[in-house]
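Residue numbers begin at 1 in each chain, while the letters A, B, ... track the order of the sequences.
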2 protein chains.
Amino acid sequence: MTSLDDVARAAGVSTATASRALSGRGRISAATRARVRAAAEALGYVASATASSLASGRAQNIGVVVPIMDRWFFASVLDGIATRLAPRGYDLTLYNLTDDPDQRRRLFDTSLRRGRVDGVIVLSVALTDDEIAALGGLGRPVLGLGVPRGGLPALRVDDTAVGRAATEHLLGLGHRRIAHIGQSVTTDAAGTPGRTPDVDIPTRRRRGFEAAMADAGAPAAVFVPADFTVAGGHDAAARLLDGDEPPTAIFAASDEMAYGVLTAARERDVHVPRDLSVIGVDGHDLGGLFELTTIDQFPHAQGERAAEAMLAMLGDQAAAGEGAAASDADSPRRTEASEPALPFSLVVRGTTAPPRG
Amino acid sequence: MTSLDDVARAAGVSTATASRALSGRGRISAATRARVRAAAEALGYVASATASSLASGRAQNIGVVVPIMDRWFFASVLDGIATRLAPRGYDLTLYNLTDDPDQRRRLFDTSLRRGRVDGVIVLSVALTDDEIAALGGLGRPVLGLGVPRGGLPALRVDDTAVGRAATEHLLGLGHRRIAHIGQSVTTDAAGTPGRTPDVDIPTRRRRGFEAAMADAGAPAAVFVPADFTVAGGHDAAARLLDGDEPPTAIFAASDEMAYGVLTAARERDVHVPRDLSVIGVDGHDLGGLFELTTIDQFPHAQGERAAEAMLAMLGDQAAAGEGAAASDADSPRRTEASEPALPFSLVVRGTTAPPRG
DNA sequence: CTGAAAGCGCTTACAG
DNA sequence: CTGAAAGCGCTTACAG
């Protein structure tokens, strides 16, 4: 491995000058810079990330905490983040958040604290208060995406509005007997019971559903708790469809749950959308295949936005260190955590239609 | 941030001793070790990864090169890798391989060479010779998974056997007019034309298909090139079904392509499996929803295996450095790159049946 | 088993 | 604009 000293020697300058020429920090004459860069190029020099990090305190690396990364939604967000980080020269290290308490503790108490990352983006629906506190104690920018509100600067879609939009689409078609399949939130992903109500995504979608139903004077809104999976959606729909008064429309809290609903309907020869309308949430990439009506929340774009926001937070931090020039209140680069809610959009396809009769 | 010096001071030992006590390297009295660990615990000490890496040369970090991470298959492999790395204390940094030549060059010539990773796992179907050479020049273990053969130690399934197994399942049901939808390989993912034939996955699956057809004395095997996507499968199937002699069975080179085939069939009122049998490859998580018959290749397990193999390669390297005690030939930890092929398994569901009549 | 010292390869005040 | 020097926070021969 050729080192910076090799480059400096080849260019006939000191190591310090070589460093400045290559990094662009500090004043350097154009001639010297060119000479050093040529030498670096000729020698195939690449700066050691660890040495550079240790000396500068900048890791040029963002940590991303993800639960279940083989779920399309998270993979898509991840891809969005990576898309924006790479061109800025930042690496992305992945931290998988499982349900295993020991593993979680190790993640928050050790892995994230090893100084390997400049900031952390957390994509998780369920964190304990201790975990949020641990993130705060990192002394680095932390940004949530899709995390419960409170405790963490975060980017989020207005999930109450999402629930309302989905429900109003069905109401607008003339449905009255509408059921919502969502996640029961008496326990979180880690099995920790008793989270504050009304703060997380499933709960907010449900609130939006209930509010829309109430506003429309529709009969008691039916809610069925289920896992956020195809199987969860399937089983919940089966119960509904086999019940006394099956709904004419189902609002599933995710597209994958909606796929399960479609399967349950097919098994029972309940025709969609003639006998049953179905709407999901996410904008899953296979939604077109199923002709699924959904609320797209653009996960890839969410990832891109999160990456941009993180980069801005790091920039702010750097700027703050540089002096008082940039006043925080008016700075265009100020933390985007207080940004307007992320966009979502109703995509009407073939699984929703007016009820029969 | 509390440093190792703080811990050493608190425990009343030298920094060197504190380091040994915490890392477990070198001989330490049990009493000293306990004292140091207690101090570290009390102070909430976590070693700086960058300092440790710089001093030891071990990054405790594996780089994973992935194309399109929001494709289920890759996300699943990635999850498998992460699953095995975390408990061993290794971080995982993600390198996204796009089709942009500049970005690719930067990845191989710079990012991967910054000394941030101890080894690299490459999940990609298409690398140029230059890129393979760059990986070789890293001076660190590199392991391919699903990469073309040659040039890189790699774990792989026997894709010729996969193609054969899928085809033989259809032949066994009595089909003779079978079409295969796969990827044309005159150009690779980067648009680089002219790769060596017979080395990559799509080509090998196709060879298996052709061999099985020939062995069975079946008429000229029909091959239709397409993208490895739902849309690709759909369009290719549309052409086949609208042709003069539509096949009675289609073997799609991926489950997502098979979904496209199913859609094309449905659009034409071609009933599956009565009028058309369909088989895919992968073991996609939504396969059950479509009742899709497939060749499962257990991507999550592939990721786990790849991680284990990489860890073994790193272990070997360390062992080699320790002396001649472990002879390479008999070592149980020797590189697993030459391991038996990865397993796959036929999963028969509802989309395949004997042809009519 | 333990400690003093050098070193990993950069970056960055501090002088000039 | 450039250089000498200290330092980032660990690890690891080398002695003892």
Nearest-nucleotide 5' precedence on DNA chain C, B/G12 against A/S56: B/G12
Touch class at under 4.0 angstrom, heavy-atom based, for B/L4 against every strand present: base
Sugar-phosphate only, base, or nothing, as touched by A/R20 at under 4.0 Å among non-hydrogen atoms: base
Sugar-phosphate only, base, or nothing, as touched by B/T32 at under 4.0 Å among non-hydrogen atoms: sugar-phosphate
Length of the line joining A/R58:CZ and C/dG9:P, which is rounded to integer Å: 20 Å
C1' atoms of D/dG16 and D/dT12, separation to the nearest Å: 16 Å
Least distance between heavy atoms, B/A59 atom then B/D118 atom: N-OD1, 2.7 Å
Atom pair distance, as rounded to whole Å: CG in A/D5 and C1' in D/dA4: 13 Å
d(CG, A/D6; P, C/dC10) in whole Å: 9 Å
Nearest-angstrom distance from the residue atom CZ of B/R35 to P of C/dC1: 14 Å
Selected nucleotide, minimal atom distance to A/A51 side chain, candidates D/dC10, C/dG3, C/dC10: C/dC10
Between D/dT2 (P) and A/R27 (CZ): distance, integer Å: 12 Å
Test: B/D91 and A/R116 ion pair at under 4.0 Å: yes
side-chain hydrogen bond (donor to acceptor under 3.5 Å, both in side chains) between A/D79 and A/H300, worked out: CA-CA 7 Å; A/D79 197 83; A/H300 197 275; 2.8 Å; yes
Pair A/S53, A/T50: side-chain N/O donor-acceptor within cut-off below 3.5 Å: no
Nearest-nucleotide comparison on DNA chain C, the residue closer to the 5′ end among B/L54 and B/I28: B/I28
Proximity to the side chain of B/S19 - top-ranked nucleotide from D/dG9, D/dT12, D/dT2: D/dT12
Any B/S14 side-chain N or O less than 4.0 Å from OP1/OP2 of C/dG3: yes
Between A/T32 and A/S29: side-chain donor-acceptor atoms closer than 3.5 Å: yes
OP1 or OP2 of D/dT11 under 4.0 Å from side-chain N/O of B/S52: yes
Candidate nucleotides D/dT2, C/dC10, D/dC10, ranked by approach to the side chain of A/T17 - the nearest: D/dT2
Spacing of A/R113 atom CZ relative to D/dG9 atom P, expressed in whole Å: 14 Å
Distance-only donor-acceptor check, side chains A/T15 and A/D5, under 3.5 Å: yes
Whole angstrom value for the distance that separates P of D/dT2 from CZ of A/R25: 18 Å
Touch class at under 4.0 angstrom, heavy-atom based, for B/R114 against every strand present: nothing
Nucleotide pairing, DNA chain C (Watson-Crick or G-U, distances under 3.5 Å), in dot-bracket with [ ] and |: |||.||||||||.|||
Spacing of B/E131 atom CD and B/L152 atom CG [to the nearest 0.5 Å]: 11.0 Å
From CD1 (A/I121) to CG (A/L143), nearest 0.5 Å: 6.0 Å
Whole-Å distance separating the CD atom of B/Q60 from the P atom of C/dC8: 21 Å
